[in-house]
Amino acid sequence: MKMNKRVYGVAGIRSIMANWNADMTGNPKTLLSGEIFGSDKAFKYPIKRMWQFQGKKVLYIKSYKIEKDKKNNEKLQPKDLKERYEELFSKLDKNTPTREVLSNLFSAIDVMNFGATFAEKKHNISVTGAVQVGQGYNKYEDTDIEVIDILSPFRNPNEKSEDAQASSMGKKIVTQEAHYFYPFSINPNNYDDYLNLGIDGFEGYTEEAFEDFKSACLVAATAYNTNSKAGCENEFTLFLYCKPNSQLYLANLDRYIDFAKEGGKSIISVSKLKDHLAGSMNEIESIEVFYNKSEVEFLSGGLDCTIKGLY
């Protein structure tokens, strides 16, 4: 069933002795000002992994193949976009109908939500996603970065110094504590241009696709428990639902969320958001707030919202 209303929201991710989103040096991503942030890709990846584990089709995620190089040696390589498409769907060549390609693309849950840039010969397709995610800025002012030395069980055969026979050393870089807040928006109308193209099985952005995004948005960071992400957890999510046909358009909502620590507990306040929305509540159907009640104290500031536990 086609979704008929826009949604705005904010998702909060906490990182305790972990590295939510590293740059090319292994340090947490930062602006030139030194402010720590996480990219939208870091937010989407655990969501796509969760969908994949649930057996849903996910196109834009790394998969591998083993091929032989010019010396006939086997080598592990990531698949390219065409190979990944053919792994999920069917053969792709210049004779593949465009409607078939579009139908397959929209059947992938990540494309249905986040859109796609499908740059293949004879099929150069760009889909602006219904779900748009901004950058997640760390709102905790006392974040410190820790560099942890790690002793490998193996020596480095390329080491030329006196330590060549010793086990090699590595480093793990983490934030002692950080709290990232990601703004997102959902506009089902982004897909209206495709509705009259006769795409098999396509009815626009659906309620089912939104529910897939919503459920993953609440727990995917917690579920994605890798070495560097252990300690990264969902702690807060807000969904603001506009009324059908509402003319309300909002900028990123994360700027209206305040974060502080008090007595070892996280304090999240939406008082600024309440003030910001004061003249627009007649355009809003409802607001839902999910948070980890064991770790977070939520201050609504009088905002009319339904409050639910995150876990």
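Positions are given from 1, in the same order as the sequence printed here.
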> Would you say I61 and V133 are hydrophobically clustered, going by side-chain heavy atoms of ILVMFWY under 4.5 Å?
Replying inline: yes
>> Using every non-hydrogen atom in the two residues, find where N190 and G129 come nearest and quote the distance to one decimal.
In response: ND2-O, 2.8 Å
>> Tell me whether the count of non-hydrogen atoms from other residues, nucleotides or ligands lying under 6.0 Å of CG in N282 goes above 12.
In response: yes
> Any idea which heavy atoms bring S300 and K274 closest together, and the distance?
Replying inline: O-CB, 4.5 Å
> Judged by atom type as modelled, is there a donor-acceptor pair below 3.5 Å linking the side chain of E208 to the main-chain atoms of M1?
Replying inline: yes
>> Quick check: do Y241 and E288 have side-chain heavy atoms less than 4.5 Å from each other?
In response: yes
>> With heavy-atom distances below 4.5 Å as the criterion, would you say the side chains of L273 and L238 are in contact?
In response: yes
>> Taking D142 first and then K261, would you say they form a salt bridge - that is, a charged N and a carboxylate O separated by under 4.0 Å?
In response: no
> Does a sphere of radius 6.0 Å around CG in D304 hold more than 12 heavy atoms from other residues, nucleotides or ligands, not counting ones at 6.0 Å or beyond?
Replying inline: no
> Should we count NZ of K214 as having more than 12 external heavy atoms under 6.0 Å?
Replying inline: yes
>> Given 3.5 Å as the limit, does a donor-acceptor pair link the side chain of N138 with the main chain of A178, or not?
In response: no
>> Using modelled atom types and a 3.5 Å cut-off, is there a donor and acceptor pairing between side-chain atoms of D144 and backbone atoms of Q176?
In response: no
>> Return the CG to CG distance between L253 and L277, rounded to the nearest 0.5 Å.
In response: 7.0 Å
> Does A18 offer a backbone N or O that forms a donor-acceptor pair with the side chain of T175 under 3.5 Å?
Replying inline: yes
>> What I'd like to find out is whether the side chain of I287 reaches to under 4.5 Å of the side chain of L303, using heavy atoms alone.
In response: yes
> Closest heavy-atom contact between L92 and K82?
Replying inline: O-CE, 3.0 Å
> Taking W51 as the fixed residue, which of Y224, F213, F114 is the one that meets the ring-ring contact (aromatic ring centres under 6.0 Å, His included) rule?
Replying inline: F114
> Is there a side-chain contact between K44 and V131 (heavy atoms, below 4.5 Å)?
Replying inline: no
> Closest heavy-atom contact between T128 and Y191?
Replying inline: O-CE2, 3.1 Å
>> Could you report the tightest heavy-atom contact between Q135 and S39, atom names first, then the distance?
In response: OE1-CA, 3.2 Å
> According to a 4.5 Å side-chain heavy-atom criterion applied to Ile, Leu, Val, Met, Phe, Trp and Tyr, with indirect links allowed, do L59 and I47 form part of one hydrophobic cluster?
Replying inline: yes
> When you look at CG of N196, are more than 12 heavy atoms from neighbouring residues, nucleotides or ligands closer to it than 6.0 Å?
Replying inline: no
>> Working note: K57 + I109, criterion side chain to side chain contact (heavy atoms under 4.5 Å, CB included); need CA distance, chi angles, decisive distance, verdict.
In response: CA-CA 6 Å; K57 289 182 180 179; I109 187 62; 5.9 Å; no
>> Within this structure, what is the CG-OG distance for the pair N4 and S246, rounded to the nearest 0.5 Å?
In response: 11.5 Å
> Below 4.5 Å, heavy atoms only, C-beta onward: do C232 and R14 meet side chain to side chain?
Replying inline: no
>> Does K171 form a side chain to side chain contact (heavy atoms under 4.5 Å, CB included) with D149? I'd like the steps, not just the answer.
In response: CA-CA 5 Å; K171 294 184 183 298; D149 290 327; 2.9 Å; yes
>> What I want to check is whether the side chains of S103 and D200 have a donor and an acceptor closer together than 3.5 Å.
In response: no
> Are the charged groups of E87 and K65 less than 4.0 angstrom apart, N to O?
Replying inline: no
>> Closer than 3.5 angstrom, by distance alone: can the side chain of K48 be matched with the main-chain N or O of V58 as a donor-acceptor pair?
In response: no
> Are side-chain N/O atoms of N104 and Y85 paired as donor and acceptor at under 3.5 Å?
Replying inline: yes
>> Just verifying a value: how many Å separate C217 SG and F290 CZ, rounded to the nearest 0.5 Å?
In response: 9.5 Å
> If we only count heavy atoms from C-beta on, is the H179 to S266 side-chain gap below 4.5 Å?
Replying inline: yes
> Quick one: do I267 and Y140 end up in the same hydrophobic cluster if we chain Ile, Leu, Val, Met, Phe, Trp and Tyr together by side-chain heavy atoms under 4.5 Å apart?
Replying inline: no
>> When you measure from the side chain of T206 to the backbone of A209, do you find a donor-acceptor pair of N or O atoms at a distance under 3.5 Å?
In response: yes
> Using the benzene-type ring in the case of Trp, are the ring centres of F43 and Y180 under 6.0 Å apart?
Replying inline: no
> Hey, does K68 have a side-chain heavy atom less than 4.5 Å from the side chain of N73?
Replying inline: no
Show which side-chain atoms of residues 26-38 pair as donor or acceptor with protein atoms under 3.5 Å away, not counting sequence neighbours.
from : atom 1 : to  : atom 2 : distance (Å)
N27  : ND2    : T25 : OG1    : 2.8
S33  : OG     : E35 : N      : 3.4

> Would you find a donor on one side and an acceptor on the other, under 3.5 Å apart, between the side chain of E83 and the backbone of D80?
Replying inline: yes
>> As an exercise, state the distance from SG of C305 to CD1 of I284, rounded to the nearest 0.5 Å.
In response: 11.0 Å
> Excluding sequence neighbours, so at least two apart, what forms side-chain contact (heavy atoms from CB on, under 4.5 Å) with D93?
Replying inline: K91, N95, T96
> Passes side chain to side chain contact (heavy atoms under 4.5 Å, CB included), F118 versus L105? Steps please.
Replying inline: CA-CA 9 Å; F118 193 76; L105 289 178; 3.9 Å; yes
> For I307, does its backbone N or O pair with a side-chain atom of Y291 as donor and acceptor, under 3.5 Å?
Replying inline: no
> How many angstroms lie between atom OG of S286 and atom NZ of K5, to the nearest 0.5 angstrom?
Replying inline: 6.5 Å
> Between L88 and I125, is there a shared hydrophobic cluster once you connect ILVMFWY residues whose side-chain heavy atoms come closer than 4.5 Å?
Replying inline: yes
> Any link between F184 and Y60 through a network of hydrophobic side chains (Ile, Leu, Val, Met, Phe, Trp, Tyr) touching at under 4.5 Å?
Replying inline: yes
> What are the two closest non-hydrogen atoms of L310 and N292, and how far apart are they?
Replying inline: CB-N, 3.7 Å
> Parallel, tilted or perpendicular for F239 and F210, by the 30°/60° rule?
Replying inline: perpendicular
>> Quick check: do Y205 and Y194 have side-chain heavy atoms less than 4.5 Å from each other?
In response: no
>> To the closest 0.5 Å, what do you measure between CZ (R6) and CG (L250)?
In response: 8.0 Å
>> Can you confirm whether the side chains of N252 and Y8 place a donor and an acceptor under 3.5 Å from each other?
In response: no
> Among all residues two or more places apart in sequence or in another chain, which pass the side-chain contact (heavy atoms from CB on, under 4.5 Å) test with L195?
Replying inline: K2, D192, F202
> Hey, mind stepping through I268 and D258 against side chain to side chain contact (heavy atoms under 4.5 Å, CB included) and telling me if it holds?
Replying inline: CA-CA 6 Å; I268 297 177; D258 287 325; over 6 Å; no
> When you measure from the side chain of D254 to the backbone N and O of P183, does any donor-acceptor pair fall under 3.5 Å?
Replying inline: no
